[in-house]
Amino acid sequence: MIASASYDVRRLARALETELRGSVGADAGSRALYATDASNYRVVPDLVVVPADQEDLATAVLLAAAAGAPVTLRGAGTSMAGNAIGGVVVDASRHVNRILAIDGEAGSAVVEPGVVLADLLAAASPLGLTFGPDPSSASRATLGGMIANNACGAHSVAWGTTADNVRSLDVMLADGTRCTVDSIGNREELAGRRGREGELHRRLQGFVDRHELVIRRRFGQFSRQISGYALHRLLRENRYDVAGLLCGSEGGFATTLQATVALTPLPAARVLCVLGFGDGVASAESVPVVLRHDPLTMESINSELIERLPADVHAAAIEAGLPGGRAWLLVEMGGADHASAVVAATEMFEELRGSGSPGTVSLVTDAAAQRVLWRCRTDAAGLATRRADGTEAWGGWEDAAVPPKRLSDYLRGLDELLCRHGLSGASYGHFGEGCMHMRIDFDLFSRAGIATYREFIEQATALVVALGGSVSGEHGDGRARSELLGRMYGADGLRLLSEMKDIWDPARVMNPGIIVDPPAFDAGIRHDGPAKDRSPLTLFAYADDNHNFAQAQRRCVGIGKCRQHSGGVMCPSYQVTREELHSTRGRAHLLWEMLQGDVITDGWRSAEVRDALDLCLSCKGCLSDCPVNVDMATYKAEFTQHHYARRPWARPLSHWSMGWLPLSSRFASRTPRLVNRLARLPLAKRLGGIAPEREIPAFAAQTFTSWFAGRSPAADGANGEVLLWPDTFTNHLAPDIGAAAVEVLEAAGYRVVLPEKPVCCGLTWISTGQLTRAKKVIARSLADLAPSLTAETPIIVLEPSCAAALRHDAPALLAHNPLARATADATHTFAEFLNRSGWRPPQLGGEALVQTHCHQHAVLGFDADRSLLAAASVKATVLDSGCCGLAGNFGFERGHYEVSNAAGERVLLPAVREAVPTTAIVADGFSCRAQITHGTSRQPVHLAQLLAGGLRPGR
C-alpha cells in the first residue's frame with residue numbers, strides 16, 4: 001500500500017537537502033527501492049534519507065520529527081516482521097558504519113549503528129573475542145538493527161541476546177535530547193539530572209515503581225520473550241538496565257547514534273555434534289537433556305531444507321557427517337582444548353542414549369565440514385521460501401518461542417494446526433531456547449487465502465500464549481505481530497506499553513504503529529496487489545517459476561544475503577558501491593515494483609529499473625549464492641530486450657559493438673592487422689561505446705579454426721571423438737588456447753573435431769538483451785550440431801561463459817527445442833571432460849593462483865578443475881575474489897570502468913601482484929584474463945595452456 005503523508009513532504013525534503021551532506025530521495029525509484037524489507041509487507045515511504053555520518057543521522061531524525069513525519073530507522077532492511085518500512089526511511093547502513101574503538105582488555109567495542117556484524121566479528125577475532133549474538137544474517141545485519149530488534153542468533157543459548165551484550169547507548173530522542181543510557185544505572189543519580197534527561201529517568205522510575213507487580217508477572221519470563229518492550233529490564237534486580245530496555249524497542253523510543261557493546265572470549269576449541277531424529281518433535285524432546293551440558297549452540301534444521309540445497313551442497317553435507325534422520329540438531333560444544341570439547345560432546349551423547357533418545361549422532365571436528373553443515377542452517381531463511389515443486393512459502397508466523405521444556409508440546413500443536421488448515425511449513429531455528437522459524441505455504445494472493453492466514457495466526461497465538469510463550473522470539477513484533485500483543489499481555493499489559501511509548505516519544509513519530517497502535521497484521525500485505533496478476537510475455541521460459549515472470553520476481557524475499565561485502569561472487573557492484581540500488585535485492589524489488597505499477601508506472605520502459613540494472617555485471621553470482629536463486633543476469637537480459645524493443649536507436653553503442661562481436665569478428669579476421677590498428681584510435685572507442693581507459697583486445701593473425709583446418713591429427717583417437725566448441729573469444733582472440741586444448745585432448749587419446757559451420761552460444765546477444773537475435777543464432781548453431789548430438793559426441797567448451805550459456809541460457813530461451821536440452825546435457829568444460837575420462841595429466845608441480853570465472857561458479861562448478869590441478873601435482877590457491885569485475889562487455893563499456901576496476905582491486909588484482917613470479921596465474925575466462933592483463937604485469941593462462949606446457953619436452 002502507499003502511505004498518505006499528513007505533513008508537507010516537499011517542504012521537509014527541501015529542508016533535509018539544505019541541511020544534510022547525505023542524500024535525500026523523493027523520486028519514484030528511491031521510494032520504490034525502500035517500500036519493502038524482508039517481510040510480507042509493503043509501505044511506500046514518503047522520503048528516503050541516507051545520512052553521511054553520525055551528525056547527519058541526528059539532523060535527519062530531528063528535522064523529520066519536528067515536521068511531524070513518521071521516522072523509520074533502517075539498517076540492512078532484513079526485518080522479517082515489517083518493522084523497517086514506511087514514513088521517512090533513514091538508512092544508516094551505508095555511511096554511519098564505523099567501528100570507533102575496540103578494547104581487548106576491557107572486552108568491549110564502540111560502534112556506529114550501521115556497522116555490519118561480520119565486520120565487528122572480523123575486527124574482534126584477532127583479539128580472541130566475538131560478539132555473542134550472531135544471527136544467520138551476520139554478513140549484512142547491522143548493530144543498529146540488532147539493537148532495535150534485540151537480535152539473538154545461534155549462540156544466544158550460551159552468550160545471551162543483544163540486550164545482554166550492550167553496555168551503553170548514545171541516543172537522541174525525537175525532540176533532540178541526547179543522552180547516554182547504560183546497562184547498569186544509578187537510579188538516584190540519574191533521576192537528579194537536569195532537563196529532559198532527568199525528567200526521562202524520573203518518569204521511568206515512577207513507571208516501574210507503579211507497575212512493578214504487573215511487570216514482574218508478565219514480562220521477562222524466559223530468554224526469548226522478545227515481544228513488546230523489555231519492561232523487566234528496569235526492575236531493581238536487573239540494575240535499572242535502560243540500555244536493555246531500548247533493545248527490542250524497534251526504533252520506537254530514540255535514535256541510536258553509537259553503542260558500546262561487550263565482547264565475549266572465543267572458546268579455545270569447538271566441535272560440532274549433529275543429532276539426527278525421525279521428526280521435529282523427537283528432536284525437541286531431547287532439548288532438556290542437551291541443555292544440561294551447556295552447549296554453545298543448539299540449532300534445528302529438517303529434511304525439507306536439506307532437500308532444497310543445491311545438489312553439490314546437499315552431497316557435501318552428507319559427506320561432512322549429516323547422519324540419518326528427517327530432523328537434525330546442530331549442537332556446538334566448547335572446551336579449553338580439542339580433547340575437552342570432544343569429552344563434553346561424548347558425555348552429552350552418552351546421556352542422550354541413556355535417556356532413550358532415538359537419535360543418530362555424528363561428531364564433526366573438521367572446520368571445512370562444519371562450515372558446510374552450518375550453511376544448511378544459515379541459508380534456511382531463503383531455502384524455506386521455495387519448495388522443490390516451485391510452491392511458494394512465506395513468513396508471518398515466523399519466530400514464535402516457548403520455554404524450551406514446552407517446545408515439543410508446541411510442535412505437536414503446531415502440526416495439528418497446519419493440518420487443520422491444509423498448510424505445510426519448513427522449520428528451522430534455535431531449539432535450545434524454544435524458538436522456531438517457519439515458512440508456511442499461505443495463500444497471500446486472495447481474500448480467502450488472507451482470511452485463512454488471519455485465522456491460523458490467531459489460533460497459533462492462542463497456542464503459544466497457553467504454553468507461556470512469546471509471539472516473537474527474535475525478529476521483533478513489527479507489522480506482523482504487534483496486533484497480537486493484547487492476546488499475549490492483556491489489556492493492562494497494553495496500557496503499560498502505551499505509557500512507556502509516551503515517556504520516550506510523546507509525539508509518537510518514531511516508527512509509529514509498531515508495538516503500540518498497530519495496524520491489522522493482515523493489512524498492507526504486498527502480494528495482494530496488481531503485480532500478482534501481471535504475467536507479461538517473455539522470451540526466457542522461467543520453467544522453475546511456473547513460466548511466470550511475476551513469480552520469478554517474488555523469489556527475492558528481502559533477506560539481503562546479496563548485501564554482504566566479503567566472500568562469494570554475489571553481488572560485485574554492491575560490494576563496490578554499498579548502495580541498496582546496486583544490490584541484487586534492490587534490483588529485484590524495482591522489477592517487482594515495475595509489475596506493481598503504482599510507483600514505477602512505465603513498465604518495461606522504466607528508466608528507474610534501467611538505471612538500477614546498469615551496474616549489474618550479469619555475473620550470475622546470485623544464481624548460486626542467493627539462497628532462493630534469484631537470477632538477475634537473466635532478468636536484466638529480459639528487461640533490456642523489452643526496454644529497447646522497437647527502439648534500436650536508443651540502445652547504448654556498446655550493445656552493437658560488443659553484442660554483435662561474434663559477427664564482427666568474422667569480418668575482422670579477414671584483415672586483422674588493419675582492424676587492430678583502427679581499434680587503437682580514440683574514435684573507435686567513442687563509436688563503440690567503450691571506456692577510454694580500456695584497450696580493445698587485438699584480433700589474432702590466424703583464427704583457431706583456420707589453424708585447425710591446416711593441421712593433421714596427432715593421435716588416432718583410440719578413446720573416441722570429441723567436438724571442441726570454437727567460441728568467438730578462443731577462435732578470434734586467443735587461438736593459442738584452442739591449440740593447447742587440442743594438444744591435451746589428443747594426448748589423452750581423443751580425436752578432436754570442430755563443427756562444420758560457424759557456431760555461437762549467443763552469449764554476447766544475451767548479455768546485451770538482444771534475445772530475439774540470440775534465439776536465432778543459437779537455434780541455427782544447434783541445428784548444425786544435430787549429427788554430433790545424435791552420435792552422442794561430447795562437446796567441450798573452453799570459455800566458461802559460453803559453456804554456462806549452453807547449459808543454462810539456451811534451454812531457457814529455446815524451451816521447446818529438444819536440441820537445446822540435448823546440447824546442455826552434452827556440454828562439458830575442459831576440466832570436467834578430462835576428469836571423467838580418467839586421463840592422468842603430466843606432473844607439473846609448482847603453485848598456481850586461480851581465478852574462477854563467475855559463470856563457472858554459478859552454473860558449472862569448479863570441483864573438476866580442483867581435481868585436475870591436484871592430479872597434476874599443482875598446489876592451487878583458488879581465490880575467494882568473486883567476479884573479476886570485467887564480466888564480458890560490462891567492464892569495457894563507457895561509464896563502467898570505475899566500478900569494474902574497483903571490483904578487480906577488491907581481491908583479485910592485489911593477489912596477482914603479490915604472487916611470486918614462479919606462481920602460474922590461471923584464469924579460464926577471457927574476461928578474467930583481460931582484467932588481469934589490464935591491471936597487472938602478469939600474463940594469465942588457461943588451464944589447457946598450463947597442462948599443454950607439461951606435455952612438451954624440456955619445459
Side-chain angles (χ1 to χ4, degrees), residues 2 25-36 42 44-45 48 526 529-542 545 547-556 573 579-618 622 630-660 689 762 764-776 809 812-813 889-890 893-896:
I2 299 179
D27 58 289
S30 297
R31 295 170 62 233
L33 192 64
Y34 284 83
T36 59
R42 175 180 182 253
V44 179
V48 175
R526 73 183 181 112
K532 73 176 188 296
D533 299 319
R534 295 201 169 111
S535 183
L537 293 175
T538 58
L539 282 85
F540 283 105
Y542 304 102
D545 295 291
H547 302 280
N548 187 305
F549 184 74
Q551 184 168 320
Q553 300 320 304
R554 292 199 298 269
R555 277 186 176 271
C556 180
S573 49
E579 289 190 49
E580 177 71 14
L581 179 67
H582 300 139
S583 67
T584 303
R585 180 180 73 178
R587 296 176 181 122
H589 280 177
L590 286 185
L591 281 164
W592 185 89
E593 290 284 345
M594 177 190 81
L595 295 174
Q596 186 75 354
D598 52 5
V599 177
I600 294 177
T601 57
D602 44 0
W604 292 118
R605 291 286 191 261
S606 167
E608 294 90 353
V609 177
R610 178 201 64 204
D611 293 346
L613 292 170
D614 180 56
L615 289 187
C616 171
L617 283 76
S618 295
C622 47
V630 166
D631 186 2
M632 193 53 61
T634 294
Y635 308 159
K636 178 181 180 179
E638 186 78 61
F639 174 85
T640 305
Q641 163 70 33
H642 295 284
H643 186 72
Y644 294 110
R646 297 179 297 281
R647 297 189 304 153
W649 62 87
R651 281 187 176 273
L653 293 171
S654 61
H655 286 194
W656 304 109
S657 65
M658 285 177 271
W660 288 71
T764 57
W765 282 289
I766 293 170
S767 62
T768 54
Q770 301 180 75
L771 300 183
T772 52
R773 176 65 186 177
K775 290 184 70 170
K776 293 177 182 177
D809 298 321
L813 269 176
N889 55 293
F890 178 86
E893 290 177 330
R894 185 180 301 141
H896 291 169

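- At a threshold of 4.5 Å between non-hydrogen side-chain atoms, the residues R610 and Y644 count as touching.
- Judged purely by atom type and a 3.5 angstrom limit, E893 has no side-chain atom pairing as donor or acceptor with the backbone of G689.
- Annotation: the span from C622 atom SG to M632 atom CE amounts to 6.0 Å, rounded to 0.5 Å.
- The shortest side-chain heavy-atom distance between T764 and M658 does not fall under the 4.5 Å cut-off.
- By the 4.5 Å heavy-atom criterion applied to side chains, Q553 and Y635 are counted as neighbours.
- In terms of heavy-atom proximity, A32 sits nearest to L590 at CB-CD2, 3.7 Å.
- Between the CH2 atom in W660 and the CZ atom in R773 there is a gap of 4.0 Å [rounded to 0.5 Å].
- L591 contributes atom CG, which lies 5.5 Å from atom CG of L613 (distance to the nearest 0.5 angstrom).
- Taking 4.5 Å as the limit, every side-chain heavy atom of W592 sits out of range of all side-chain heavy atoms of R555.
- Counting only heavy atoms from C-beta outward, the side chains of H589 and Y34 never approach each other to under 4.5 Å.
- In this structure, CD in E638 is found 11.0 Å from CG in D631, a value given to the nearest 0.5 Å.
- Nearest heavy atom pair, residue K775 against residue L813, reads CE-O, 3.2 Å.
- Ring planes of F639 and H643: parallel class, angle under 30° (limits at 30 and 60°).
- Side-chain atoms of S767 and N889 form a donor-acceptor pair, as typed in the model, at a separation below 3.5 Å.
- Under a 4.0 Å N-O distance rule, the pair R42/E593 qualifies as a salt bridge.
- With respect to E608, the side-chain contact (heavy atoms from CB on, under 4.5 Å) criterion is satisfied by exactly one of L581, T601, D602, L33: D602.
- At least one side-chain heavy atom of L595 sits under 4.5 Å from a side-chain heavy atom of P536.
- Two residues are said to be in side-chain contact when any heavy atoms from C-beta on lie closer than 4.5 Å; R526 and Q596 fail this criterion.
- A tilted orientation is assigned to the rings of F549 and W604, their planes being inclined by 30° to 60°.
- Taking each heavy atom of A774 and G762 in turn, the nearest pair found is CB-O, 4.1 Å.
- Distance check: R587 CZ to E580 CD gives 10.5 Å after rounding to the nearest 0.5 Å.
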Applying side-chain contact (heavy atoms from CB on, under 4.5 Å), run through W656 and Q770 and close with a yes or a no. CA-CA 10 Å; W656 304 109; Q770 301 180 75; 3.9 Å; yes
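- Within the 4.5 Å cutoff, no side-chain heavy atoms of D545 are placed close to those of F540.
- Smallest separation of non-hydrogen atoms from R31 and A26: CD-O, 3.3 Å.
- Ring geometry, F890 versus H896: the interplanar angle falls under 30°, so the pair is classed parallel (tilted spans 30 to 60°).
- Within the 3.5 Å criterion, the main-chain N or O of T768 finds a donor-acceptor partner in the side chain of R651.
- Closest non-hydrogen pair, A550 versus R534, comes out as CB-O, 3.2 Å.
- Of all the heavy atoms in N548 and S535, the pair that sits closest is ND2-OG, 3.6 Å.
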